[in-house]
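Just so it is clear, the model here is predicted, and its values are computed rather than measured. One-based numbering along the sequence shown.
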Amino acid sequence: MKIGIQLYSVRQAMEKDFYGTLERVKQAGYDGVEFAGYYGQTAEDVKAALDKLGLVACSTHTNVGDPQKAADFEKKLGNKNIVCPGLPSGDAEKLGNAIATLRNAAEVLEPQGLRVGYHNHSHEFEKIDGEYIFDAILREIPSLLCEIDVGWAHVAGVDPAGFMRKHSGRVEIIHLKDIGENGRSTEIGSGNVDMPGVVEAAKECGTEWLIVEQEDFEGPPMFESIKISCDAVKKMIEG
């Protein structure tokens, strides 16, 4: 398994110094990056920077409402995973609209060799007709990648490792987000999520990318924090 970082974690730094931040991410030990916007950069320039640094574009979070626009950009990066970061789906009508959007994206992107994924927050673990919303989305679109955010699953009271095993073979990329006592995200291994259990499940399920995401930095400085997380994940993989 390889370790990536969701660049939303370092969004303030990305906005100020896009390429310098990518360099610091590489220095922190990461193999790849999952984008959350490109801050006006061209695909060609981003690809050149990634190649120079030895980083892989492992995924992106983007609007899948215009899938061909996403495809045109991502193919230039060599990225094959296009993930929807979330859609309103809290009732039957919204769920139907979300499924239709994701199905259309899959129909456009898959013939081009691209995969579509969905990333959860906590509301996808609410139930409609006795079924988790996330399960319903995955059931309706069998090719959809299940990019489970283990932190949000934990917040929803769901065992992330168990959910991963239920969808084994579809969790090629997952979000490692740890949750502290205050309910905010923290360095991997410092919170309440059973991260060793998640990593063990990832090994069983054929996960390729473990993607760190930290939205809050209340302890060590940001770049020190992301290195702490990367080092912790490496130990769990080896362990």
Those residues that, when tested against Q12, pass side chain to side chain contact (heavy atoms under 4.5 Å, CB included) (two or more places apart):
none

Just to verify, what does E110 make a salt bridge (Lys or Arg N to Asp or Glu O under 4.0 Å) with, not counting sequence neighbours?
none

What residues, two or more places apart in sequence or in another chain, satisfy side chain to side chain contact (heavy atoms under 4.5 Å, CB included) together with E107?
R103

Side chains of residues 187-199: which donor-acceptor partners sit under 3.5 Å, not counting sequence neighbours?
unit_1, atom_1, unit_2, atom_2, d
E187, OE2, Q214, NE2, 3.3
E187, OE2, S225, OG, 2.7
D194, OD1, G197, N, 3.1

Under 3.5 Å, which donor-acceptor pairs do the side chains of residues 112-119 form with other protein atoms, sequence neighbours left out?
unit_1, atom_1, unit_2, atom_2, d
Q112, OE1, Q68, NE2, 3.4
Q112, OE1, K75, NZ, 2.7
Q112, NE2, Q68, OE1, 2.8
Q112, NE2, V108, O, 2.9
R115, NH1, E172, OE2, 3.4
R115, NH2, S143, O, 3.1
Y118, OH, L87, N, 2.9
Y118, OH, L87, O, 3.4
Y118, OH, E124, OE2, 2.6
H119, ND1, P85, O, 3.2
H119, NE2, D149, OD2, 3.1
H119, NE2, H175, ND1, 3.3

Does any pair with a residue in residues 180-200 pass ring-ring contact (aromatic ring centres under 6.0 Å, His included), and if so which ones, sequence neighbours excluded?
none

Residues at least two apart in sequence or cross-chain that pass salt bridge (Lys or Arg N to Asp or Glu O under 4.0 Å) with E204, listed by chain then number, are R165

Measure the OG-NZ distance between S59 and K80 for me, rounded to the nearest 0.5 Å.
13.5 Å

Transitive ILVMFWY cluster of V56 at side-chain heavy atoms under 4.5 Å: who else is in it?
V83, L145, I173, W209, I211

Can you list the residues that meet the side chain to side chain contact (heavy atoms under 4.5 Å, CB included) rule with K166, with sequence neighbours excluded?
Y132, D135, F163

Per the salt bridge (charged side-chain N to carboxylate O under 4.0 Å, His left out) rule, what does the pair list look like for residues 48-63, sequence neighbours excluded?
K47-D51

Output every pair passing salt bridge (charged side-chain N to carboxylate O under 4.0 Å, His left out) with a member in residues 205-225, not counting sequence neighbours, ordered by first then second residue.
K2-E208, K177-E213, K177-E215, R184-D216, R184-E218

Can you list the residues that meet the salt bridge (Lys or Arg N to Asp or Glu O under 4.0 Å) rule with K227, with sequence neighbours excluded?
D231

